[in-house]
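Structure first, then comments.
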Number of protein chains: 2
Amino acid sequence: MVDRRRTQIVEMACKRFAERGFIGSSMRDLAADMGLEAASLYTYIKSKDDLLEDICFGIGNKLIAAIDEVNDIYFNAEEKLRSAIKNHVEIICADPEASKVFSHEWRHLNDAKKNEFITLRNHYEQGVTEIIETGITEQIFVEGDKRFAVLTILSTVNWISEWYNPKGKMKPNEIAQKLADFVLTGLKKQT
Amino acid sequence: MVDRRRTQIVEMACKRFAERGFIGSSMRDLAADMGLEAASLYTYIKSKDDLLEDICFGIGNKLIAAIDEVNDIYFNAEEKLRSAIKNHVEIICADPEASKVFSHEWRHLNDAKKNEFITLRNHYEQGVTEIIETGITEQIFVEGDKRFAVLTILSTVNWISEWYNPKGKMKPNEIAQKLADFVLTGLKKQT
DNA sequence: ACTTTTGCCTAACACTTGTTAGGTAACATG
DNA sequence: CATGTTACCTAACAAGTGTTAGGCAAAAGT
């Protein structure tokens, strides 16, 4: 039951961190949200930093697992890219608040964890890069600046947490499909 | 000469806000960067909030001026979109730190200024939407979810400040061109 | 009935926060 | 030389920060 309470606290922290940022959220405010006093939070968590780590690596590890899986199973590059986008979008949409924290608040991790986080992010970036490389080798993607393509794709998926509304009519798999179409074929009509 | 000093302070604040966030940056740290005591900053600025407003609306107003200009002068939709992207990329690359603050720290504006900011951002979004609409009317862009296209385009331009390095080899106009190509024609080879 | 555990509390510590008041040395202007 | 201005300073304020120590009532276990 301690774990259950801890989870509730992490979820509430997520909400606050997404709204007001890690530093902008005080333990007293967070406690008030939970109907507790600040000191009582420490029965369940080690420190404020702990909360941030939990959230950042929670999302991070899911993303890593997803990209590794896509690159393990063989598909052609287009299928790989579509799967990767689909997984990414679904992870973000399943918890847009945690994803916001993942995107914006990781820099407030302590030095050790920040390095770990950057390594993780590079690993993910590398996973996406491999997909692009596969596509160029298979001659189905245009040759060009790989890194630029990767950054651009990642920007579109990461930005989703800024506007996604779980109560809106656009569902995650629809978003993933549209995004994949966009990334693959662009805005221009094929004539 | 007061103005000159003020500008230096705003520029330094920009750097700190971009690195550590608005709330994560203390006036004492900022003052130390300037070789001053915290209290001395108040000779040049009204408040800490003042600094954030200056930075956010500095970038915001430039973006608005740029999109309005593009929509005023007549081009076909593709030219309009390319110009808009070029302007946006150039504004961001001219001051990536201020752009980071613009993207991430606006939520810490006070309520009045935050509303003003959101209005400004909606205005910009509307400007981009008009370009997409023009393209659909001219039958050169694929019909589809306009809002989705706009958000996706904005995500790619806004993300540039996260990775752009003024000392790197990729120059703003090159970035703008690649990005416009990407947005227009996507990753897939035309066959 | 007695003990242990749970789940929270109050109080406090040491420190940092934005900001104001008032002063002072160096310099410019008359 | 006298005056005003510039450009900074020190000191202080009231409030808020994360976190620890120690306590206490209710519930659970025996």
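Here the structure is a predicted model, which is why all the values come from computation and not from measurement. Just the heavy atoms: all of them, side chains too, but no hydrogens, waters or symmetry mates, feed the values below. Per chain, numbering begins at 1; letters A, B, ... match sequence-line order.
Between atom CG of residue Leu154(A) and atom CH2 of residue Trp163(B) there is a gap of 12.0 Å, rounded to the nearest 0.5 Å.
Using a cutoff of 4.0 Å between basic side-chain nitrogens and carboxylate oxygens, Arg121(A) and Glu125(A) are not scored as salt-bridged.
Rounded to an integer number of Å, the gap from CZ of Arg5(B) to C1' of dA7(D) is 9 Å. Here the C1' atom of nucleotide dT16(C) and the CD1 atom of Ile23(A) are 12 Å apart, to the nearest Å. When the P atom of dT19(D) is taken as reference, atom CG of Asp49(A) falls 7 Å away, rounded to whole Å. Rounded to whole angstrom, the span from the CD1 atom of Ile45(A) across to the P atom of dG18(D) amounts to 10 Å. Summarising the geometry, the separation between CD on Glu37(B) and C1' on dA11(D) is reported as 11 Å, rounded to the nearest angstrom. If you measure from atom CZ of Arg6(B) to atom C1' of dC8(D), you get 18 Å, rounded to the nearest angstrom. If you take CG of Asp3(A) and P of dT6(C), they are 12 Å apart, rounded to a whole angstrom. Atom CZ of Phe22(A) and atom P of dT17(D) are 13 Å apart (whole Å).
Side-chain nitrogen and oxygen atoms of Thr43(A) include none within less than 4.0 Å of the OP1 or OP2 phosphate oxygen of dG7(C). Within the 4.0 Å cut-off from OP1 or OP2 of dA21(D), not a single side-chain nitrogen or oxygen of Tyr42(A) is found.
For the pair Lys113(B) and Phe57(B), the cation-pi criterion (under 6.0 Å, within 45° of the ring axis) is fulfilled. Judged by the 6.0 Å distance and 45° axis criteria, Lys100(A) is not positioned over the aromatic ring of Phe17(A).
Proximity note for Lys48(A) (side chain, C-beta onward) versus dG18(D), dC9(D), dC9(C): the nearest is dG18(D). Of all nucleotides listed (dG7(C), dT19(D), dC8(D)), dT19(D) comes nearest to the side chain of Met27(A). Taking the side chain of Tyr44(A) as heavy atoms from C-beta on, and the options dT19(C), dT10(D), dC8(C), the nearest nucleotide is dC8(C). Nearest nucleotide to the Ser26(A) side chain, out of dC8(C), dG18(D), dG18(C): dG18(D).
Taking both residues in full, the closest heavy atoms of Met27(B) and Leu51(B) are given as CE-CD1, 4.4 Å, listed atom of the first, atom of the second, then distance.
Between the base of dG18(D) and the side chain of Arg28(A) there is a donor-acceptor pair shorter than 3.5 Å.
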